[in-house]
Amino acid sequence: MYFIIASHGEYAEACKKSCEMITGAAPQFSVVTFTEEMTKESVESAYRKILEEKGAEQCQAIITDIKGGTPYNAAIAIRHEYPSVALVSGLCLGMLIALNVGDTLENAIEQSREIITGEGVSAAKQTTKAVVSAEPVENNGIVNFRLDERLIHGQVATFWTRTLGVTRIMIVDNNILIDEIGKNALQAAVPSGIRLSVLSVANAARRLNKGAYAGQRVFLIVRRTDTIRELLDAGVKVKEVNIGNMGVKDGRKQITKSVYCTKEEIKDILDIEKSGVQVYAQMVPNDDKKKFTSFLNKEA
């Protein structure tokens, strides 16, 4: 019996090493480290490799750091292929210690819930300050238009939605409409209290253009450069587009820390700029907002 533990960065590996420091060797934990240049598909491949090498029937669970992050979303597809493999979020040292000393997964989850304590923590209620986006809200409700191949993942679910004060995430992609696993993953990843729309290009353009979302705060996310062009050609009005995340794939070269493009994708982006829509690159809200073409000039 073994577990796959996965996280953004080296967190899972660090948890395993700390667990071994306390309880001894922990060969039952196989680590998957998700890095910035990886895609959801490459995480799925890493899971499949472990399952094939160690035997899927022996894997009790995939344990990830946060619900809705790319490691978690990739595991949803794996669970569809291997329904006997459980999926758990909330990876922590306490959970691994419990598993490594022989506790059941159910008991380890329960013990990890009891670990969090606090002394000197004020019980006073804190008022949440409403975040007002700097982005102009058009009549179509769009507060941000982002290209992100991972769609809804950790950065989107936990950072961007709060910063923008989002009330609805809109995923526009023709292919995902026929991908039931992909749609289920999006529904699982969307933050509590945020509405979700998954639409074709034509349907999204029609609804946005007629003002169906006026008064809402819509975070529009696509995963292809040609989808941006199709939406603009269909009359969707935006002032700017954020190229946030495009992973490593054959034929692509690195443009920014989190963006890799083919020549065709760069041409799409330049055509979008020529249409009068500003294109910038910003992985997370705390990053500087920089014109996409400034990175191309560095490449020249």
Side-chain angles (χ1 to χ4, degrees), residues 3-12 15 31-47 61-82 85-92 95 105 109 112-113 116 128 131 133 143-173 176-177 179-199 217-223 242 244-247 258 282-287:
F3 301 87
I4 297 174
I5 58 174
S7 68
H8 295 75
E10 302 291 337
Y11 176 66
C15 280
V31 177
V32 171
T33 299
F34 173 60
T35 56
E36 289 174 339
E37 70 275 7
M38 291 174 72
T39 64
K40 175 173 168 284
E41 290 74 22
S42 58
V43 180
E44 290 176 15
S45 296
Y47 291 153
I62 298 174
I63 306 173
T64 72
D65 48 4
I66 59 172
K67 183 178 180 180
T70 300
Y72 182 93
N73 295 343
I76 292 175
I78 299 300
R79 274 215 78 221
H80 182 79
E81 298 173 30
Y82 304 99
V85 178
L87 173 57
V88 178
S89 64
L91 172 67
C92 66
M95 185 185 295
L105 179 59
I109 292 170
S112 68
R113 290 193 181 111
I116 300 175
T128 302
V131 178
S133 170
V143 293
N144 196 283
F145 188 176
R146 177 179 176 88
L147 189 156
D148 194 320
E149 287 186 334
R150 302 179 202 163
L151 298 177
I152 304 175
H153 58 101
Q155 292 169 356
V156 168
T158 63
F159 204 171
W160 278 104
T161 54
R162 294 178 186 177
T163 302
L164 296 169
V166 169
T167 61
R168 179 183 297 274
I169 294 175
M170 179 181 291
I171 305 298
V172 179
D173 189 274
I176 205 164
L177 289 173
D179 179 3
E180 289 301 321
I181 299 173
K183 286 193 291 185
N184 290 339
L186 291 173
Q187 290 165 355
V190 70
S192 176
I194 306 295
R195 286 168 284 186
L196 174 67
S197 297
V198 182
L199 304 171
R217 299 182 66 82
V218 179
F219 190 7
L220 175 57
I221 306 174
V222 302
R223 58 183 177 184
N242 177 16
N245 185 283
M246 299 174 71
S258 62
Q282 188 179 26
M283 184 170 68
V284 294
N286 285 352
D287 286 347

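- The backbone N or O of Pro71 lies less than 3.5 Å from a partner atom in the side chain of Tyr47, making a donor-acceptor pair.
- Checked options Val156, Val222, Ile176; the residue passing with Leu151 is Ile176 (criterion: side-chain contact (heavy atoms from CB on, under 4.5 Å)).
- Note that CG of Asp65 is 11.5 Å distant from SG of Cys92, once rounded to the nearest 0.5 Å.
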Validation: residues 180-189 side-chain donor-acceptor distances under 3.5 Å, sequence neighbours left out:
unit_1, atom_1, unit_2, atom_2, d
Glu180, OE2, Lys183, NZ, 3.1
Lys183, NZ, Leu177, O, 3.2
Asn184, ND2, Glu180, O, 3.2

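- Of the possible donor and acceptor atoms, one in the side chain of Thr167 sits under 3.5 Å from a partner among the backbone N and O of Arg217.
- Note that OG1 of Thr163 is 11.5 Å distant from CD of Gln155, once rounded to the nearest 0.5 Å.
- Under the rule for a side chain to side chain contact (heavy atoms under 4.5 Å, CB included), the partners of Ser197 that lie at least two apart in sequence or sit in another chain are Arg168, Met170, Leu199, Tyr213.
- Qualifying side chain to side chain contact (heavy atoms under 4.5 Å, CB included) partners for Lys40, counting only residues two or more places apart in sequence or in other chains: Glu44, Thr70, Asn73, Ala74.
- Among all heavy-atom pairs drawn from Leu105 and Ala86, the shortest one is CD2-CB, 4.3 Å.
- At least one side-chain heavy atom of Ile152 sits less than 4.5 Å from a side-chain heavy atom of Leu196.
- With Val88 as the partner, the side-chain contact (heavy atoms from CB on, under 4.5 Å) test is satisfied by one option alone out of Ile109, Ile5, Thr64, Ile62: Ile109.
- Note on ring orientation: taking the six-membered ring where Trp is involved, the planes of Phe219 and Trp160 are tilted (angle from 30° to 60°).
- Of the possible donor and acceptor atoms, none in the side chain of Arg150 sits under 3.5 Å from a partner among the backbone N and O of Thr39.
- Proximity of a side-chain donor or acceptor of Ser7 to a complementary backbone N or O of Ala12 within less than 3.5 Å is detected.
- The shortest heavy-atom contact between Val85 and Arg79 is O-NE, 2.7 Å.
- The distance from the CZ atom of Phe145 to the CD1 atom of Ile221 is 10.5 Å, given to the nearest 0.5 Å.
- For Arg146 (side chain) and Gln282 (main-chain N/O), a donor-acceptor pair under 3.5 Å exists by modelled atom type.
- Rounded to the nearest 0.5 Å, atoms CD1 (Ile66) and CG (Leu91) are 11.5 Å apart.
- The main-chain N or O of Gly244 is found under 3.5 Å from a side-chain atom of Ser258 such that the two form a donor-acceptor pair.
- Expressed to the nearest 0.5 Å, how far CZ of Arg223 lies from CG of Leu147 amounts to 10.5 Å.
- In this structure, the separation between CE on Met95 and OG on Ser112 is 3.5 Å, given to the nearest 0.5 Å.
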Residue pair His153, Asn245: steps toward the side-chain hydrogen bond (donor to acceptor under 3.5 Å, both in side chains) verdict: CA-CA 11 Å; His153 58 101; Asn245 185 283; 5.5 Å; no
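- Between Ile169 and Pro191, some side-chain heavy-atom pair lies under the 4.5 Å cut-off.
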